Structure formats: structure tokens, C-alpha cells
Amino acid sequence: MSPLLLIFLTVFIDMVGFGIIIPVLPLYAEHFHASPVEIGWLTGIYSGMQILFVPLLGKLSDRFGRRPILIVSLAGTAFGFLIMGWATSLALLFVARIIDGASGGNISTAQAYIADISTPENRSRSMGIIGAAFGLGFTFGPMIGGVMSRISYGAPFYFAAALAAVNVVLLYFILPESLAAEHRSKPADRSRMNEIFQHGHGRLFGTIVATYFFTITGFAIMTTLFALFTEKHFGFDARQTGYVFGFIGIISVILQGGLIGRLIKMFGETALARSGLLLLSIGLAALQLVPSVSMLLVVSGLIAIANGLSTPTLNGLASQMIDRGWQGRALGIMQSAGSMGRLIGPLLAGWLLTFDLNRPIAEYARTPLLAGGGILFIAFILALTVRKPAEDKMPPEITLEADA
């Protein structure tokens, strides 16, 4: 089994677990009489923990290699899902989310693994593999969560725990290490976070990190409220909402798994990132206006396309701005920015939703969705300032083709 396939499976299993939560967790929390604000905290606390642990895991992967970090973090994910399935109170749900968040910061390590084994000019295309795993996770995760919630609210999480445990076994016995000893950081290295910006094109990297933060914040507002939105507007249960996310996931897989490389060659990474962010902003603002299920699918498809254009290209650009020996820490910072967005987004969603609770059902979630669209427009404005550095100014280890 190839290393790329194993990394694909690792991210896929992570995203199945994440996707399972989307249609189930808000309704699961309501079962324990959670308020909108508590639902926002329950969704966001996972990412709050990642803010702390993703940079740590990235630094450890630069020191000890990618493989052991992936194995340990996935074992923690399995344990967190077990507790979530067993939860008998809202407090236990919070405990499970905290454990899962602390151990679930392995996306940046997976990205660093791909950066280790791919050439700079193919890096964004390789990052599309992670994007495809995201898409498949969003295809199967919500569908699994919705269907298995018919058994019990805990059943989907037991299933996710079993998947993570199987992946731990595969990684332990099959995955080779990607980071050679000469590229690892030394025990005596006590680098500060701001030093990362000195190992490559720091200003450009900082702009991409900020863009990614606003992107994830706006998108997280939508994912937090989507199950409640479809329940109130269309009478959907977790299973039906899972099918909608399955539709979104299929589009993401087609785009990020097969088309993103061709599109990068045709238009360039920066152009795709900008286009995706503008479409995301429009999609979120339009979502609260959809009058029918058919229009819901149209707008959801637009959001899927937009996310598929922006996410892998932003991650690919970020990986090209920093020297190889700092990839784990740099991508850890990138994912920490995303985790901060996944914390702030749900908290904003829960708070802004309170303004719509006494309004007609047709206006339910209008305020947070419009706010999400506005936040994504800020990301689009920031993306307009992103440029790929000239080839002759690149660090010795990194060479890039000019944008199309």
C-alpha cells in the first residue's frame, strides 16, 4: 500500500468522524437540553483544543518524524469517539470533544508528510489528495451519522472509534517515515513561533494564514448551523441532512480528487483561491434565501465547488512559502489558524442565532449566515494581496513555476 494512500485513509477516517458529527451533534446536544450558545461551545471546543495542540504536534513531528505522531493522535481520536458514544450527559459530551480535539490535530502532520514526499510544483496537486479525503469524509460521514442515528445517537460515534482504531493498526505496520533524520529539528532547538516566518517568505505566509483563518471562521458558521437550519426550514432529520452533506461531498471529491490539478495548470493557484473565496461568500449569503429543497441543493453545490477551489490551493501555497525542515511547524500554524476559526465560528453562530429565535421560521439563521458571508468576503479581499514569490527569490529548497 502506497504512503499517499495511507495518508489519504488517515485524513478520510478523520473526516468521516468529523462529518458524522455535523448532522448528529446539534440534535444530540438538544437531547441533553443544550441551548444554542452551549451547542456553539460544544462544536467549537474541539477546535479550541486544536489551537493548543496542533502546533505542538507539528513541532513534535519535525523532531521525531511524522509516523509516530500520526499513530498516537489517531489512538486519541478513537478514545474520544468511544466516550462520545457512551455519553450520558452534556458534560461527558464536552469531555469527549476535548479529548478528540487535543489528539485530532494530525491534519497538519499529514500535510507535512505529503510535503515531504512531493515536489514543490506538484504540492498543491498533492494537497488535493487531502481535499479529496475531506470530500469523501463529508460524503460518507454525515450519511453514516444520519443513518446510524436511527439506531441511537451513540452508534455513529462507536463506528467512528472503530475506524480510527483500524487506521492505527495500518499506520503502525505499513506506513514508512517520510522525514529523513538530517531534516529533523534537534533537541537543542528552542525556536519561537515567530522564527517560522524567517524561514522562507514570512510576510506572504502570514497573509495566507490570515486568509485561511477568515475562510474557516465563515465556513464553520455554516456547518455549525446547517442541521438546525434544515430542520427548521425543511423539516429535515439527521438522516436527510446527512444526504445533503453527502451530495456536497461527492462534488468535492470530483473537484479535489481529479480536477484541481488541471485547474491549477490552467489558471494558477492564486486565481483559484480568490475565485473560490468569492463564491463561498456569495453561497453563504444566498443560503438563507433558498425557498425549496432543489434550490438548497443548488446553493450547497456552489458552496462545495467554492470550498474545493480554495482550501487545497491555500494549503499548497502555504507549504511553498516555508523551508522543508519547518514544514510541520508551519502547517501546524496554518491548521491552528483554522482551528481558531472553527472555535470562533461556532461561538459566533450560537450567539448570532439568538437574534433569530423570536423571528418567523423563514428568517431562522439569517443573521449568522449573512455574517458568515461577510467574513468570507474579508478572506477574499486578503487573498487579492497574495502573490507567489518570484522564482529567483525562493529559498534554495523551493522552486516554483510562475502562475498561469
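All heavy atoms count here, side chains included; hydrogens, waters and symmetry mates do not. Just so we're clear, the structure is a prediction, and the values are computed from it rather than from any experiment.
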Task: side-chain contact (heavy atoms from CB on, under 4.5 Å) assessment of Leu376 paired with Thr215 - done: CA-CA 5 Å; Leu376 280 159; Thr215 300; 4.1 Å; yes
Open item on the list: Return the CZ to CD1 distance between Arg342 and Ile45, rounded to the nearest 0.5 Å.
Closed with: 15.0 Å
Task: Heavy-atom pair with the smallest gap, counting every atom of Thr367 and Arg359 - done: OG1-NH1, 3.4 Å
Open item on the list: Is it the case that the side chain of Glu177 and the backbone of Arg67 share a donor-acceptor pair, with hydrogens and angles ignored and the cut-off at 3.5 Å?
Closed with: yes
- [ ] Please report the shortest heavy-atom distance between Tyr172 and Ile71, naming the atom on each side.
- [x] CA-CD1, 3.7 Å
TODO: Kindly give the heavy-atom pair with the smallest separation between Leu92 and Ile83, and that separation in Å.
DONE: O-CG2, 4.0 Å
Task: Closest non-hydrogen atom pair, Ile251 against Gly301 - done: CD1-CA, 3.5 Å
Task: Close side-chain approach of Leu163 and Phe12, heavy atoms under 4.5 Å - done: no
TODO: Please examine the side chains of Ile248 and Ile303, heavy atoms only from C-beta on, and report whether any two atoms are closer than 4.5 Å.
DONE: no
- [ ] Name the orientation class of the two ring planes belonging to Phe234 and Phe236 (parallel below 30°, tilted from 30 to 60°, perpendicular beyond 60°).
- [x] tilted
Task: Thr211 side chain reached by Leu277 side chain, heavy atoms, under 4.5 Å - done: yes
TODO: Mind jotting down which residue pairs meet the side chain to side chain donor-acceptor pair (under 3.5 Å) criterion with at least one end in residues 149-167? Sequence neighbours excluded, please.
DONE: Thr10-Asn167, Arg150-Asp237
Open item on the list: Quick one, Met148 and Ile20 - any side-chain contact, counting heavy atoms below 4.5 Å?
Closed with: no
Open item on the list: Could you tell me if Thr241 and Thr230 have a donor-acceptor pair between their side chains, going purely by distance under 3.5 Å?
Closed with: yes
TODO: Just grab all the side chain to side chain donor-acceptor pair (under 3.5 Å) pairs involving residues 278-301, residues at least two apart or on different chains.
DONE: Gln288-Arg366, Ser292-Ser294
- [ ] Decide side-chain contact (heavy atoms from CB on, under 4.5 Å) for Val290 and Phe229; before the verdict, give the C-alpha distance in whole Å, the side-chain angles of both, and the deciding distance to 0.1 Å.
- [x] CA-CA 11 Å; Val290 295; Phe229 173 81; 4.2 Å; yes
Open item on the list: Could you walk me through whether Leu70 and Leu6 satisfy the side-chain contact (heavy atoms from CB on, under 4.5 Å) test, starting with their C-alpha distance in whole Å, then the side-chain angles of each, then the deciding distance to 0.1 Å, before giving a yes or no?
Closed with: CA-CA 11 Å; Leu70 289 170; Leu6 279 173; over 6 Å; no
Task: Rounded distance (nearest 0.5 Å) linking atom CZ of Phe214 with atom CD1 of Ile381 - done: 12.0 Å
Task: Note, Leu343 side chain near Tyr46 side chain (heavy atom, < 4.5 Å) - done: no
Task: side-chain contact (heavy atoms from CB on, under 4.5 Å) partners for Leu302, two or more places apart - done: Leu279
TODO: With sequence neighbours left out, write down each residue that passes side-chain contact (heavy atoms from CB on, under 4.5 Å) with Ile344, or none if nothing qualifies.
DONE: Phe213, Thr217, Met340, Leu348
- [ ] Starting at CZ of Arg274, measure out to CG of Leu382 and round the result to the nearest 0.5 Å.
- [x] 11.5 Å
TODO: Starting at CG of Leu255, measure out to CG of Asn307 and round the result to the nearest 0.5 Å.
DONE: 9.5 Å
Task: Any side-chain heavy-atom pair of Phe79 and Asp100 under 4.5 Å - done: no
Task: Spacing of CD1 belonging to Ile375 relative to CG belonging to Leu370, to within rounding of 0.5 Å - done: 11.0 Å
Task: From CA spacing to verdict: side-chain contact (heavy atoms from CB on, under 4.5 Å), Thr311, Phe219 - done: CA-CA 11 Å; Thr311 300; Phe219 194 75; over 6 Å; no
Task: Side chain to side chain, Tyr243 and Val147, heavy atoms closer than 4.5 Å - done: yes
- [ ] Apply side-chain contact (heavy atoms from CB on, under 4.5 Å) to Ile208 and list each qualifying residue two or more places apart in sequence or on a separate chain.
- [x] Leu314, Leu317, Ala318, Met321, Met334, Val386
TODO: Return the minimal non-hydrogen interatomic distance between Ile221 and Pro368, and the atom names on each side.
DONE: CG2-O, 3.3 Å
- [ ] Using a 4.5 Å cut-off on heavy atoms from C-beta on, say whether the side chain of Glu30 contacts that of Leu228.
- [x] yes
Task: Centroid separation Tyr28 to Phe32 less than 6.0 Å - done: yes
Open item on the list: So, using side-chain contact (heavy atoms from CB on, under 4.5 Å) as the criterion, who are the partners of Val37 when residues are at least two apart?
Closed with: Ser35, Trp41, Thr354
Task: Passing option when Arg66 is tested against Ile7, Thr109, Leu57 for side chain to side chain contact (heavy atoms under 4.5 Å, CB included) - done: Thr109
Open item on the list: Classify the ring geometry of Phe157 against Phe81: parallel below 30°, tilted from 30° to 60°, perpendicular beyond 60°.
Closed with: parallel
TODO: Quick one: pull up CZ in Phe267 and CZ in Arg262 and give me the separation to the nearest 0.5 Å.
DONE: 13.0 Å
Task: Exercise: identify the closest heavy-atom pair between Ala29 and Ile39 - done: CB-CG1, 3.9 Å
